[in-house]
Amino acid sequence: MSAGVSASAFTAQDANVLFNAYSNAYYSLSGSNGYFKNLPTGGIADFWKQAEEIECIIDAYEWAPNPGRKVMITQLLNGFADKHGTNWLSNQYNDDCFWACIAFARGYQNTGLGRFRDAACWNFDRVYARSWDDALGGGLYWTTTNLSKNACVNGPGGIAAALLYRICGDTGYLTKASNIFRWERAVLFNADSGAVADSIGVDGRLHRWASTYNQGTFIGLANFLGQTNDAVLAANYTRDTLAVSGLLPRYGAGGNNSGFNAIFLRWMARFVRDRGLVATYEPWLQDNANAAWNVRRSSDNLSWCQWQRPTPEDRRLRSWDCIASVEALAVVQPSSPAAAGLDQPKARANKE
């Protein structure tokens, strides 16, 4: 742990501390447009990371409702639309577009602003049309080059479809979510181990590498569709095989993978809550959240993605490097009942 930081179980107030430290370091507001910076010194987190960081704010609001965070959701989605527009088809990565669809669909659920729902529906319909075909039995292509069908796009694509069914009531979205899940389960999921393979190439070669990103989105989609047994298998594989000494994998900071554990925790925590599995999984999730809290650095309370060792005091961390710790404390319940349920402070709205 960092110098001057003592090991302890986190509290609801500690979750506030980490949230505010992250907001102070990375959140910027210009008028009604918010965004997360790449570094505290500037830049803007890229398309899919921005969408995922917005989702983490949505998670923080949903698990501990607060007017300031609700305003922040609207500001961030406004900022995303200001930066990227509401037509995302120029992005060749289909998974990126589906992540934005999820963020905007969830933004609509929490704000009631129809423009967010409309952007999610419009883009989903067109990205699905360009990425799904019957090759390899179905499934979504990762990019517009159509070279592989990956878990990283099918999990989010299915979740986006399930969300759109909930907010629009169009059974066509439910059919798409179900078809995506059936394909991913048949082709990429190992029903013996619970592992979700990374991808399959158009040549039929399976890439078996597993990540918390893909385990988490498989769990999330399975939960939406009531496929509890499959979600349990994927959760157990993550806990018993991918985790090291109980802690989620250590992904490298500064790269594309450093926020993967945030994605897993989002959908795992929802699954645990929805299916009454707190006694089975909550202690493990609490161990990870406690580790995230205890490796924070004393200078600014930022906590990075590698919970096995202290957050370096001398390293410039990207917002994506620190988002998993914020997510952990936002969606995992403190182990002490007396420490839960504290009032949440309003999100800071600063200008650059």
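Numbering starts at 1 and runs along the sequence shown.
W320 pairs in a ring pair (Phe, Tyr, Trp, His ring centres under 6.0 Å) with only one of the listed residues (W304, Y26, W48, Y251), which is W48. Screening Y165, W99, Y173 for a ring pair (Phe, Tyr, Trp, His ring centres under 6.0 Å) with F124, the sole residue that qualifies is Y173.
Under the 3.5 Å distance criterion, the side-chain polar atoms of N290 are matched with a main-chain donor or acceptor of F10. A donor-acceptor pair under 3.5 Å links the side-chain atoms of K149 to the main chain of G139, judged by distance alone. Using a distance-only test at 3.5 Å, with no hydrogens or angles considered, a donor-acceptor pair links the side chain of Q215 to the main chain of A234. A donor-acceptor pair is defined here as one N or O able to donate and one able to accept, closer than 3.5 Å; such a pair exists between the side chain of S303 and the backbone of A292. Side chain of T311 to backbone of V295: a donor-acceptor contact under 3.5 angstrom is found. Formation of a donor-acceptor pair under 3.5 Å by the R297 side chain with backbone atoms of P312 is found in this model. In this structure, R69 contributes its side chain and N66 its backbone to no donor-acceptor pair below 3.5 Å. Side chain of Q308 to backbone of P249: no donor-acceptor contact under 3.5 angstrom is found. Under a 3.5 Å cut-off, the side chain of N214 and the backbone N or O of C152 do form a donor-acceptor pair. A donor-acceptor contact shorter than 3.5 Å is absent between the side chain of E184 and the backbone of N150.
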Full working for ring-ring contact (aromatic ring centres under 6.0 Å, His included) between F181 and F224
CA-CA 10 Å; F181 178 78; F224 272 129; over 10 Å; no

Starting from the C-alpha separation in whole Å, work towards a yes-or-no answer on side-chain contact (heavy atoms from CB on, under 4.5 Å) for I200 and R205.
CA-CA 5 Å; I200 186 170; R205 292 184 182 181; 6.0 Å; no

Walk me through whether L18 and S325 qualify under side-chain contact (heavy atoms from CB on, under 4.5 Å).
CA-CA 8 Å; L18 228 58; S325 291; 3.9 Å; yes

Residues T238, T212; criterion side-chain contact (heavy atoms from CB on, under 4.5 Å); working and verdict
CA-CA 7 Å; T238 308; T212 53; 4.1 Å; yes

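By the rule that hydrophobic residues join a cluster once side-chain heavy atoms approach within less than 4.5 Å of another member, I54 and L39 end up as members of separate clusters. Hydrophobic clustering places V17 together with L329 (ILVMFWY residues linked when any side-chain heavy atoms are closer than 4.5 Å, directly or through intermediates). Linking Ile, Leu, Val, Met, Phe, Trp and Tyr residues whenever their side-chain heavy atoms come within less than 4.5 Å places F264 and V232 in a single cluster. Cluster annotation: L206 and W183 are assigned to the same hydrophobic cluster (Ile/Leu/Val/Met/Phe/Trp/Tyr, side-chain heavy-atom contacts under 4.5 Å, transitive). Residues L247 and Y237 do not share a hydrophobic cluster, clusters being chains of Ile/Leu/Val/Met/Phe/Trp/Tyr side chains in contact below 4.5 Å.
Two rings, from F104 and W88, have their centers less than 6.0 Å apart. The ring of Y27 has its center no closer than 6.0 angstrom to the ring center of Y22.
For the pair R296 and W293, the cation sits on the ring face: its NZ or CZ lies under 6.0 Å from the ring centre, inside 45° of the axis.
One finds the CG atom of N154 at 11.0 Å from the CD1 atom of I159 (value rounded to the nearest 0.5 Å). From I57, atom CD1 reaches atom CD of E327 across 9.0 Å, with rounding to the nearest 0.5 Å. Considering CG of L76 and SG of C56, their distance stands at 11.0 Å, rounded to 0.5 Å.
Contact check for L140 versus I180: side-chain heavy atoms found under the 4.5 Å cut-off. Here the side chains of M268 and L285 are in contact, with some heavy-atom distance below 4.5 Å. Residues V272 and E282 are in side-chain contact: their nearest non-hydrogen atoms beyond the backbone lie under 4.5 Å apart. No side-chain heavy atom of D192 sits under 4.5 Å from any side-chain heavy atom of L233. The shortest side-chain heavy-atom distance between N179 and K176 does not fall under the 4.5 Å cut-off. In this structure, V153 and S131 have side chains that are not in contact, with every pair of non-hydrogen atoms separated by 4.5 Å or more.
Under 3.5 Å, the side chains of Y213 and D198 contain no donor-acceptor pair of N or O atoms. Side-chain polar atoms of N223 and R270 form no donor-acceptor pair below 3.5 angstrom. Between the side chains of S299 and E313, at least one donor N or O sits under 3.5 Å from an acceptor N or O.
Between H84 and F80, the ring-plane angle classifies as tilted under the 30° and 60° cut-offs.
Residue pairs meeting the salt bridge (charged side-chain N to carboxylate O under 4.0 Å, His left out) criterion with at least one member in residues 219-248, sequence neighbours excluded: R185-D230. Listed by first then second residue, pairs satisfying salt bridge (charged side-chain N to carboxylate O under 4.0 Å, His left out) with a partner in residues 10-31 number zero, not counting sequence neighbours. Every pair passing salt bridge (charged side-chain N to carboxylate O under 4.0 Å, His left out) that includes a residue from residues 40-53 is listed here, sequence neighbours excluded: D46-K49, E52-R266. For the salt bridge (charged side-chain N to carboxylate O under 4.0 Å, His left out) condition, the pairs that include at least one residue of residues 91-110, sequence neighbours left out, are E55-R106, D59-R106, E62-R106.
When the shell of 6.0 Å around CG of N229 is examined, it contains 12 or fewer heavy atoms from other residues, nucleotides or ligands. The environment of Y93 atom OH is sparse: at most 12 non-hydrogen atoms of other residues, nucleotides or ligands sit within 6.0 angstrom. Heavy atoms of other residues, nucleotides or ligands lying less than 6.0 angstrom from CH2 of W284 number more than 12.
The hydrophobic cluster containing V202, built from Ile/Leu/Val/Met/Phe/Trp/Tyr side-chain heavy atoms closer than 4.5 Å, also comprises Y141.
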Distance-only donor-acceptor pairs under 3.5 Å for side chains of residues 112-122, two or more places apart:
| residue | atom | partner | partner atom | Å |
| --- | --- | --- | --- | --- |
| R115 | NH2 | N78 | OD1 | 2.9 |
| R117 | NH1 | Y108 | OH | 3.4 |

